[in-house]
A.B. asks: 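Pasting in a structure now, in structure tokens, and then I'll have a few things to ask.
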Number of protein chains: 2
Amino acid sequence: MLTIGNLSRRTGVKIPTIRYYEQMGLLAPPERSEGNQRRYARDECDRLAFIKHARDLGLKIEAIRELIELSAHPNQPCADADRIAAEQLHAVRERIGKLRKLERELARIATGCDGEQIKDCYVIRALASHDLCEDEH
Amino acid sequence: MLTIGNLSRRTGVKIPTIRYYEQMGLLAPPERSEGNQRRYARDECDRLAFIKHARDLGLKIEAIRELIELSAHPNQPCADADRIAAEQLHAVRERIGKLRKLERELARIATGCDGEQIKDCYVIRALASHDLCEDEH
DNA sequence: CTTGAACCTCTAGCAGCCTGAGGTCACACA
DNA sequence: TGTGTGACCTCAGGCTGCTAGAGGTTCAAG
């Protein structure tokens, strides 16, 4: 049996976040001590590690809830779990694509300024007008 | 003089967002009609385009506020503006780096499942344990 | 003068937490 | 057995950057 603080230290998930996950239905409400404090069993610890890992990978709470439900039915086909992972991969690739466009433009803006005063500053001018942009956005 | 609706159409910034920017101090409170409706001059339109451009590039409201203040002092040196752009570039590059790690791991997870049932599903197993990860995270 | 679109303010909501107030519990030490 | 203190409890409110809706007013065309 772990206190919430121990669980937090073991998993690296902050205490208020653990309580939040419980509220959101990702973690089952744990047993309580006589004085109403949460006491966690080991498998709750595993489940929290699962949640943290999924969050670190950028999955939304809702997607994680789905995966947890899926994992409760070990004999069902796993196409849904695969779909969730594939969707997440797709979303990540889209974000990367967008960020790389931004990177290019910011690099141009950030390195392009050789003015000395605000009135000549390329950063300020580039932000003020799209005429200095390479692609549409 | 533009109504808020015209300003919105010209800049592509939604009306509630314009009011929000005013509330956040990015846009000066504009003149009002007799009936208390906002009436914008052209330079407000430019400023809003500046804000939108910066937001599209991922700059935070706070950073934009700084830039606006800077641009109000055209004879100051522009090192601060350059710094803000450089910081933003750095942040974008960090986000890209993290996302590419995620991409690699998700690709492995999403394509690695050849099980048919949840209990054999690589997606579920990979999320449950870091043992299947390639790098630390 | 009427209609209907566009505007106003204010409140509340979204994700995914974090912080703080005000109070209780657990446990070691004297 | 008392006491200190650190960990815990709940609940409310805050954060970013908007968005949506209620309920009411104004503007401009016909």
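Residue numbers begin at 1 in each chain, while the letters A, B, ... track the order of the sequences. Only a predicted model underlies this, so the values are computations on that prediction, with no experimental measurement involved.
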A.B. asks: What integer distance in Å separates A:Ile4:CD1 from C:dC25:P?
C.D. replies: 17 Å
A.B. asks: Of the candidate nucleotides D:dC8, C:dG16, D:dT19, which contains the atom at the shortest distance from the side chain of A:Lys60?
C.D. replies: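 Closest nucleotide to the A:Lys60 side chain: C:dG16.
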A.B. asks: Map A:Lys14 and A:Arg39 onto DNA chain C by nearest heavy atom, then report which one ends up closer to the 5' terminus.
C.D. replies: A:Lys14
A.B. asks: Output the rounded distance in Å from CG (A:Leu59) to P (C:dC17).
C.D. replies: 12 Å
A.B. asks: Between C:dC8, D:dA7, C:dC17, which nucleotide gets closest to the side-chain atoms of A:Gln37?
C.D. replies: D:dA7
A.B. asks: Any sub-3.5 Å donor-acceptor pair from B:Arg55's side-chain atoms to B:Leu59's backbone N or O?
C.D. replies: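 Side chain of B:Arg55 to backbone of B:Leu59, a donor-acceptor pair under 3.5 Å: yes, one is there.
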A.B. asks: What integer distance in Å separates A:Ile18:CD1 from C:dC17:P?
C.D. replies: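 Going from A:Ile18 (CD1) to C:dC17 (P), I get 12 Å.
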A.B. asks: Quick one: side chains of residues 15-30 of chain A, donor-acceptor pairs under 3.5 Å with protein atoms, not counting sequence neighbours, listed by atom name and distance.
C.D. replies:
from: A:Glu22; atom 1: OE1; to: A:Arg38; atom 2: NE; distance (Å): 2.8

A.B. asks: Output the rounded distance in Å from CE (B:Met24) to P (D:dC18).
C.D. replies: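 Value for this atom pair: 11 Å.
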A.B. asks: Using whole Å, report how far CD of B:Glu22 lies from P of D:dG17.
C.D. replies: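 My rounded result for the distance is 18 Å.
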A.B. asks: Does B:Arg32 reach a base, just sugar-phosphate, or nothing at all? Heavy atoms under 4.0 Å.
C.D. replies: sugar-phosphate
A.B. asks: Give a yes/no on whether any side-chain N or O of B:Thr3 is located under 4.0 angstrom from OP1 or OP2 of C:dA6.
C.D. replies: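 Negative; the distance criterion is not met.
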A.B. asks: I want to verify a distance call: between D:dT10, C:dA26, C:dG16, whose nearest atom is closest to the A:Tyr20 side chain?
C.D. replies: C:dG16
A.B. asks: Measuring to OP1 and OP2 of D:dC18, would you say a side-chain N or O of B:Tyr21 lies under 4.0 angstrom away?
C.D. replies: yes
A.B. asks: Is it the case that the side chain of B:Thr11 and the backbone of B:Leu7 share a donor-acceptor pair, with hydrogens and angles ignored and the cut-off at 3.5 Å?
C.D. replies: yes
A.B. asks: Quick one: label A:Arg38 by what it contacts on the DNA or RNA (base, sugar-phosphate, nothing), any heavy atom closer than 4.0 Å.
C.D. replies: sugar-phosphate
A.B. asks: Could you work out which one of D:dG17, D:dT19, C:dC8 sits closest to the side chain of B:Asn36?
C.D. replies: C:dC8
A.B. asks: Take atom CE of A:Met1 and atom P of D:dA7, then tell me their distance rounded to the nearest Å.
C.D. replies: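 Computing the A:Met1:CE to D:dA7:P distance gives 21 Å.
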A.B. asks: Starting at the 5' end of DNA chain C and moving along, which residue's nearest nucleotide shows up first, A:Arg19 or A:Glu34?
C.D. replies: A:Arg19
A.B. asks: Nearest to the side chain of B:Ile61, heavy atoms from C-beta on, is which of C:dC7, D:dG17, D:dA7?
C.D. replies: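 Of C:dC7, D:dG17, D:dA7, D:dG17 is nearest to the side chain of B:Ile61.
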A.B. asks: Supply the atom-to-atom distance B:Asp80 CG to B:Glu66 CD, rounded to the nearest 0.5 angstrom.
C.D. replies: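 Here the interatomic distance stands at 7.0 Å.
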A.B. asks: Separation of B:Asn6 atom CG from D:dA28 atom P, in whole Å?
C.D. replies: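 Computing the B:Asn6:CG to D:dA28:P distance gives 11 Å.
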A.B. asks: Can you tell me if B:Arg55 touches the phosphate of D:dC18, counting only side-chain N or O atoms and a distance under 4.0 Å to OP1 or OP2?
C.D. replies: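 Indeed, a polar side-chain atom of B:Arg55 lies that close.
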A.B. asks: Counting only side-chain heavy atoms from C-beta out, which of D:dC8, D:dC18, C:dC18 sits nearest to B:Thr17?
C.D. replies: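 The listed nucleotide nearest to B:Thr17's side chain is D:dC18.
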A.B. asks: Do A:Gln88 side-chain atoms and A:Gly58 backbone N/O form a donor-acceptor pair below 3.5 Å?
C.D. replies: yes
A.B. asks: How long is the line joining CD1 of A:Ile15 and C1' of C:dT19, in whole Å?
C.D. replies: 13 Å
A.B. asks: Just to confirm, is there a sub-4.0 Å distance from OP1 or OP2 of C:dC25 to any side-chain nitrogen or oxygen of A:Ser33?
C.D. replies: no
A.B. asks: When you measure from the side chain of A:Ser8 to the backbone of A:Ile4, do you find a donor-acceptor pair of N or O atoms at a distance under 3.5 Å?
C.D. replies: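 Absent.
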